[in-house]
Student: 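Dropping a structure here in structure tokens format, bear with me for questions.
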Protein chains: 2
Amino acid sequence: MENTPTQIASQIRSMGFRMTPQRMEILAILSQSEHLTPTQIHAQLVCKVPGFTEPTLYRTLDFLCKNGFVQATHVGNGKMQYELTDSMHHHTVCKECGQRKLISSEIMQEIYDRFETETGFKLMEHHLTLNGLCPDCK
Amino acid sequence: MENTPTQIASQIRSMGFRMTPQRMEILAILSQSEHLTPTQIHAQLVCKVPGFTEPTLYRTLDFLCKNGFVQATHVGNGKMQYELTDSMHHHTVCKECGQRKLISSEIMQEIYDRFETETGFKLMEHHLTLNGLCPDCK
DNA sequence: TATCTTATTGTAATAAGTTACAATAAGAAG
DNA sequence: CTTCTTATTGTAACTTATTACAATAAGATA
Ligand SMILES: [Mn+2]
Ligand SMILES: [Mn+2]
Ligand SMILES: [Zn+2]
Ligand SMILES: [Zn+2]
């Protein structure tokens, strides 16, 4: 399972959906950075495609999320952020200094495994942000 | 540390802030249910206090969160939800059937302890929602 | 290539959330 | 109780997000 815009495009088509310039533009933008808010994405869109509208942006993000090509995440502030579904990764965010740090997948995988065996629940979270205090600020 | 509206009110005063009817109304509403969106809270507010405005609602929620009396949470849809800071508790939400389930604090505490010792990060998350598949839908 | 179906887009109106600033009132002081 | 300070509220304007529906165009079919 790959995740370049072109590969996602053909997957979209093979799922019976239609591939449009609007969807392609959004995928192109998402493929170049992560943790983008709708406003940030829209700012980039209107540069390239002057008439691009908000409803299309929000609907498309929704569509891409529902079909697993994009993941929506929260990082503490109330704003949604979007990124292409990539390898599982997690962050810590320090409430004191704001520093973000990537958490190794191994640690989280072990924790997830244990959680799943103890609860019978199958986790599908691929991107979790944990808030607290970093070692320095603690 | 208690969390009834009256007790929070006196804490707010003793912290040098002012206690207002608006803050009291919001605390009263939050003390009666959990997982409330701003829109839900506002709907209740305008019934009781006809002129209650949105800026005051959002500012007050922000204020109560920053001072630890209220916690803001996400449950998968993009909407923020608010509730009085109570004992730590966590949920699973099934992507298939939508069922929500409370996760025992003991399990999470052990997992948190391990996470903290392995990363040096001090978690302050008191309310985490984990998405995936419940035992039935798995 | 031309035609057809309908998924997807844009338009227009609305709702939710934010910001800047002047008016108000909580609570301290006299 | 009255006065004073300033934290907190409401007003007004704006930005971000959502909804309903008519116009468009992707891609299937002939
Ligand atoms: Mn990330
Ligand atoms: Mn909860
Ligand atoms: Zn820190
Ligand atoms: Zn289920």
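These numbers come from a predicted model, not from an experiment. Just so we're on the same page: letters track the sequence lines, and every chain starts at 1.
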Student: Name the nucleic acid region contacted by A/F63, choosing base, sugar-phosphate or nothing; use a 4.0 angstrom heavy-atom cut-off, strictly under.
Tutor: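 No contact at all - A/F63 keeps every heavy atom at 4.0 Å or more from the nucleic acid.
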Student: Give the angle between the helix axes at the two ends of the helix from C/dT1-D/dA30 to C/dG30-D/dC1, taking five base pairs at each end and rounding to 10°.
Tutor: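 Here the local axes at opposite ends form an angle of 20°.
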Student: Think B/T20 has a side-chain N or O under 4.0 angstrom from the OP1 or OP2 of D/dT9?
Tutor: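 Checking D/dT9 against B/T20, a side-chain N or O does come within under 4.0 Å of OP1 or OP2.
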Student: Return the value, rounded to whole Å, for the distance between atom CG of B/N67 and atom C1' of D/dA7.
Tutor: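 That distance rounds to 13 Å.
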Student: Can you get from A/M24 to A/L45 by hopping between Ile, Leu, Val, Met, Phe, Trp and Tyr side chains that sit under 4.5 Å apart?
Tutor: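 As far as the 4.5 Å side-chain criterion goes, A/L45 and A/M24 are connected within one cluster.
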Student: Counting just side-chain N and O atoms, does A/Q22 come under 4.0 Å of either OP1 or OP2 of C/dG10?
Tutor: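 Yes, such a contact exists.
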Student: Is the backbone of A/F52 close enough, under 3.5 Å, to the side chain of A/H42 for a donor and an acceptor to pair up by distance?
Tutor: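 Checked: pair present.
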Student: Rounded to whole angstroms, how far apart are CG on B/L45 and P on C/dA16?
Tutor: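 Taking atom P of C/dA16 as the reference, CG of B/L45 is at 14 Å.
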Student: In whole angstrom, what separates A/Q40's CD from D/dT15's C1'?
Tutor: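 Taking atom C1' of D/dT15 as the reference, CD of A/Q40 is at 15 Å.
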Student: Under the 3.5 Å rule, do the base of C/dT6 and the side chain of A/R18 count as making a donor-acceptor pair?
Tutor: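 Side chain to base: pair found, below 3.5 Å.
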Student: Between A/V46 and A/Y82, is there a shared hydrophobic cluster once you connect ILVMFWY residues whose side-chain heavy atoms come closer than 4.5 Å?
Tutor: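 No; A/Y82 is not reachable from A/V46 via cluster members.
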Student: Determine: side-chain N/O of B/T56 to OP1/OP2 of D/dT8, distance under 4.0 Å, yes or no.
Tutor: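 No, no such contact exists.
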Student: For DNA chain D, whose closest nucleotide is more 5', that of A/M80 or that of B/M19?
Tutor: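 Between the two, 5'-proximity favours B/M19.
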Student: Using heavy atoms to find the nearest nucleotide of DNA chain C for B/T39 and B/R13 separately, return the residue whose nucleotide is more 5′.
Tutor: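 Here B/T39 is the residue nearer the 5' end.
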Student: Suppose we call two aromatic rings close when their centres sit under 6.0 Å apart. Are B/H35 and B/H91 close by that rule?
Tutor: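 For B/H35 and B/H91, the ring centres are under 6.0 Å apart.
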Student: Rounded to whole Å, how long is the line connecting atom CD1 of A/I26 with atom P of C/dT9?
Tutor: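 Those two atoms, CD1 and P, are 8 Å apart.
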Student: So A/P55, base contact, sugar-phosphate only, or nothing? Heavy-atom distance under 4.0 Å.
Tutor: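 If one applies the 4.0 Å heavy-atom cut-off, A/P55 turns out to touch a base.
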Student: So, does the side chain of B/R59 form a donor-acceptor pair with the base of D/dG10 at under 3.5 Å?
Tutor: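 Yes.
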Student: Looking at B/F63 versus B/F69, is the centre-to-centre ring distance below 6.0 Å?
Tutor: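 B/F63 vs B/F69: aromatic centres not under 6.0 Å.
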Student: Specify the separation, in whole Å, of atom CD1 of B/I41 and atom C1' of C/dA16.
Tutor: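 For the pair B/I41 CD1 and C/dA16 C1', the rounded distance is 13 Å.
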Student: Going by salt bridge (charged side-chain N to carboxylate O under 4.0 Å, His left out), name the pairs with one or both residues in residues 13-28 of chain B, residues two or more places apart or in two chains.
Tutor: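 Non-adjacent pairs meeting salt bridge (charged side-chain N to carboxylate O under 4.0 Å, His left out): B/E25-B/K48.
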Student: Whole Å only: how far is the NZ atom of A/K79 from the P atom of C/dA16?
Tutor: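 Atom-to-atom, A/K79 to C/dA16, this comes out as 15 Å.
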Student: Can you work out whether A/T53 or A/G16 has the more 5'-proximal nearest nucleotide on DNA chain C?
Tutor: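 Taking each residue's closest nucleotide, the earlier one in sequence belongs to A/G16.
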Student: Looking only at side-chain N and O atoms, does B/T4 offer a donor or acceptor that is under 3.5 Å from a partner on B/Q7?
Tutor: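 Side-chain D/A pair, B/Q7 to B/T4: present.
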Student: Given atom CZ of B/R23 and atom C1' of C/dG27, what is their separation to the nearest angstrom?
Tutor: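 The distance from CZ of B/R23 to C1' of C/dG27 comes to 13 Å, rounded to the nearest Å.
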Student: Taking atom P of D/dT11 as reference, at what distance in whole Å does atom CZ of B/F52 sit?
Tutor: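 Interatomic distance, CZ of B/F52 to P of D/dT11: 12 Å.
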Student: Hydrogens and angles aside, do A/Y112 and A/H90 bring a side-chain donor and acceptor to less than 3.5 Å of each other?
Tutor: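 A/H90 and A/Y112 do have a side-chain donor-acceptor pair below 3.5 Å.
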